[in-house]
Amino acid sequence: MKGWSRAIALVLTTATVFAMAGCSSASNEAVSNASVNSSVSDSEGDTPKSTDTATESSTQDSADVKENDSSGDIPSLRDAVDKKLGCRIGCAITGNEPWDPKLWNLVTTHFNAVTLGNELKPDSLFGYSVSVCPGTKEAELNGETITVPILNYNNPEKILNKILKWNEDNPDRKIAVRGHVLLWHSQTPEWFFHEDYDKTKPYVTAEVMDKRLEWYIREVLTHFTGEGSPYKDLFYGWDVVNEAVSDATGTYRTDAENPNEALSEDRHGNNSSWWHVYQNEDFIVNAFRYANKYAPEDLELYYNDYNECDARKRAGIIELIKTVKEAEGTRIDAMGMQGHYSMDGPSINDFEVSIKAYGEVIGNVQITEWDLRATEGYDGSDEAKEEEYEKQRKIYNLMYYTLCSSKNAGINITGITFWGTIDTLSWLQFRSNVGGGSKTQQKQCPLLFDGNYEPKPAFWVFAEE
């Protein structure tokens with residue numbers, strides 16, 4: 001029982017006795033073999049919010065690098081996971097979260113990678129002008145002059161500048177960034193697909209959309225990872241395409257996933273205007289082709305999806321990966337298993353089968369948005385919380401053990417990222433129509449730290465070396 005006495009000594013303030021870490025030895029804990037279909041019906045779904053009001057003062061900077069009084073004896077996740085699994089461990093941050101000193105302390109103490117939850121999505125880079133185009137200008141693309149919408153990098157740069165400063169001040173504890181995301185059916189303004197960038201006008205042709213897609217990918221990757229960019233060494237990889245496979249069919253997501261969702265909506269939760277323009281998967285292949293064209297060779301390029309352990313959807317994702325790999329001029333370096341799971345699924349068997357299936361076709365596998373939706377009926381009371389935390393610990397334990405055993409079996413696990421930091425700021429606490437989130441008012445506790453910034457039992461699954 002490696003680390004058992006140490007764990008007890010370190011967590012006297014909690015009511016639950018923690019078990020050993022998930023990968024240190026074979027586990028005899030069991031988890032429900034319920035269907036994966038109960039896990040999530042929508043993905044990520046962070047409520048879009050601007051960081052325009054976020055400001056950084058010298059007082060905050062000073063507070064940021066201080067250790068929390070409560071974290072002095074708590075081991076660092078980034079060190080423990082590196083020793084155990086040999087990969088990055090990250091979290092998602094968004095909005096004003098990096099300017100919360102206690103939260104920033106958790107990020108810098110425990111994680112060596114972050115994903116910006118919203119700031120690098122298309123709607124953010126168009127300044128959250130989702131109803132109308134924010135204005136246009138002329139641009140050159142492959143010797144042709146085209147009209148393009150104006151991009152606004154303010155939202156991500158506020159956070160990226162803070163990370164740069166941290167890295168400069170702490171060269172031995174640097175944080176890397178995952179770009180998220182270039183092409184997604186959701187949080188991409190509808191006007192982007194129409195003539196004159198006006199959603200009341202007809203859709204453009206696939207040929208015109210190709211030019212817009214290449215321009216957009218070129219501009220974003222060049223701005224953040226090109227020579228001369230202050231951020232060029234900050235990014236380790238980028239999600240090129242997100243959630244292009246249908247839950248309902250296991251084939252490509254179309255423009256009719258939800259018949260009650262009009263394509264005229266400013267942003268979509270389910271239906272794909274990308275598909276509406278192309279009527280095939282060419283836009284997916286082209287996105288990887290353009291990303292490969294403009295990305296530095298050392299910037300990894302990913303496909304990312306949820307409900308990825310469902311057998312039918314898994315088969316569709318694998319076909320997408322194969323199609324991209326076989327196309328001329330493309331590059332795809334890893335499969336991002338989002339990991340939006342629940343207390344009821346997926347089963348550990350489905351989780352393991354999926355890791356190995358993706359590993360066989362692409363080599364590198366990552367968990368990119370990990371969290372656990374609460375048990376149905378969980379009410380957040382002290383009594384329910386103690387029981388829920390222990391259930392959660394067991395599931396994280398078995399999944400982490402499975403990742404470790406998969407790596408030992410030859411699958412290259414290159415990163416794990418949790419979708420948030422503390423429970424109270426999880427996307428599952430909020431409802432969004434552009435990507436999921438909470439379906440009810442039920443309490444949620446999906447992450448490793450509670451609302452008081454304290455480690456939960458599940459924390460110790462990953463903290464024990």
Side-chain angles (χ1 to χ4, degrees), residues 42-54 92-97 114-137 148-160 177-194 196-200 203-204 209 212-221 223-224 238-244 253 255 257-258 261-277 283 287 291 304 306 338 369 419-420 427 430-437:
D42 291 310
S43 64
E44 333 177 336
D46 306 303
T47 304
K49 45 195 172 185
S50 171
T51 59
D52 285 345
T53 59
I93 54 176
T94 193
N96 293 327
E97 291 174 5
V114 299
T115 302
L116 306 192
N118 285 297
E119 284 74 11
L120 287 169
K121 292 174 181 175
D123 57 356
S124 170
L125 295 182
F126 289 126
Y128 288 118
S129 185
V130 296
S131 297
V132 296
C133 177
T136 61
K137 66 177 185 178
V148 297
I150 295 172
L151 289 167
N152 185 324
Y153 301 109
N154 290 341
N155 289 325
E157 286 186 346
K158 288 184 176 71
I159 300 178
L160 296 179
V177 179
R178 182 191 192 92
H180 179 75
V181 53
L182 294 173
L183 189 151
W184 189 27
H185 69 278
S186 187
Q187 287 185 243
T188 301
E190 177 62 19
W191 52 256
F192 191 52
F193 303 94
H194 292 260
D196 299 325
Y197 302 105
D198 181 345
K199 75 171 189 175
T200 67
Y203 283 89
V204 298
M209 204 66 220
R212 294 182 180 184
L213 176 60
E214 181 174 0
W215 164 82
Y216 179 81
I217 290 176
R218 181 190 72 181
E219 293 301 295
V220 174
L221 290 183
H223 183 85
F224 290 109
W238 215 290
D239 291 321
V240 177
V241 177
N242 197 43
E243 302 172 2
R253 180 186 295 273
D255 54 358
E257 294 296 303
N258 182 354
E261 180 184 281
L263 278 175
S264 60
E265 291 187 8
D266 290 336
R267 292 176 294 195
H268 300 300
N270 296 282
N271 298 334
S272 172
S273 288
W274 288 106
W275 183 271
H276 187 81
V277 171
F283 66 96
N304 195 52
Y306 70 104
Q338 287 189 9
E369 305 180 17
W419 204 242
W427 73 292
F430 309 96
R431 177 62 185 145
S432 167
N433 64 355
V434 294

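The model shown is predicted, which means the values in this text are computed figures rather than measured ones. We're numbering straight along the sequence, starting at 1.
- Of the inter-residue distances, the one linking Leu263 atom CG with Asn258 atom CG reads 10.5 Å to the nearest 0.5 angstrom.
- Listed for the Glu97 side chain is a donor-acceptor partner under 3.5 Å among the backbone atoms of Thr94.
- Under a 3.5 Å cut-off, the side chain of Thr136 and the backbone N or O of Pro149 do not form any donor-acceptor pair.
- The aromatic rings of Trp274 and Phe283 lie parallel to each other, their planes meeting at an angle below 30°, with 60° marking the opposite boundary.
- Listed for the Glu219 side chain is no donor-acceptor partner under 3.5 Å among the backbone atoms of Leu151.
- Remark: side-chain polar atoms of Glu119 are not paired, donor with acceptor, to backbone N or O of Ile159 under 3.5 angstrom.
- If you take CG on Leu120 and CD on Glu157, they are separated by 10.0 Å, rounding to the nearest 0.5 Å.
- The closest donor-acceptor contact from the side chain of Asn271 to the backbone of Glu261 lies under 3.5 Å.
- The side chain to side chain donor-acceptor pair (under 3.5 Å) test with Asn242 is passed by exactly one of His185, Lys121, Gln338: Gln338.
- Remark: the backbone N or O of Ser273 is not paired with any side-chain donor or acceptor of Asp255 at under 3.5 angstrom.
- When side chains are defined from C-beta on, Phe224 does not count as touching Val177, because their heavy atoms never get closer than 4.5 Å.
- Once rounded to the nearest 0.5 Å, the distance linking CG of Asn155 with CG of Leu125 reads 8.0 Å.
- Annotation: His180 is in aromatic contact with Trp419 [ring centroid separation under 6.0 Å].
- The heavy-atom pair separating Asp239 from Arg178 by the smallest distance is OD1-NH2, 2.9 Å.
- Looking only at distances, a side-chain donor or acceptor of Lys199 sits under 3.5 Å from a matching main-chain atom of Ser264.
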Criterion side-chain contact (heavy atoms from CB on, under 4.5 Å) on Ile217 and Trp238, from CA distance to verdict: CA-CA 11 Å; Ile217 290 176; Trp238 215 290; over 6 Å; no
Candidate pair Asn304 and Val181, rule side-chain contact (heavy atoms from CB on, under 4.5 Å), full reasoning: CA-CA 9 Å; Asn304 195 52; Val181 53; over 6 Å; no
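- Checked by atom type and distance alone, the side chain of Arg253 pairs as donor or acceptor with a backbone atom of Asn270 at under 3.5 Å.
- Remark: the backbone N or O of Ser129 is paired with a side-chain donor or acceptor of Trp191 at under 3.5 angstrom.
- Tyr216 OH to Phe192 CZ: the interatomic distance, rounded to the nearest 0.5 Å, is 7.5 Å.
- Rounding to the nearest 0.5 angstrom, the gap separating the CD atom in Glu265 from the CD atom in Glu190 is 9.5 Å.
- Judged purely by atom type and a 3.5 angstrom limit, Asp123 has no side-chain atom pairing as donor or acceptor with the backbone of Tyr128.
- The aromatic ring centres of His276 and Phe193 sit 6.0 Å or more apart.
- Using cut-offs of 30° and 60° for the angle between ring planes, the His223 and Tyr153 rings count as parallel.
- The shortest non-hydrogen separation linking Ala287 to Leu183 is CB-CD1, 3.9 Å.
- Across all their heavy atoms, Gln187 and Asn118 have their closest contact at NE2-OD1, 3.3 Å.
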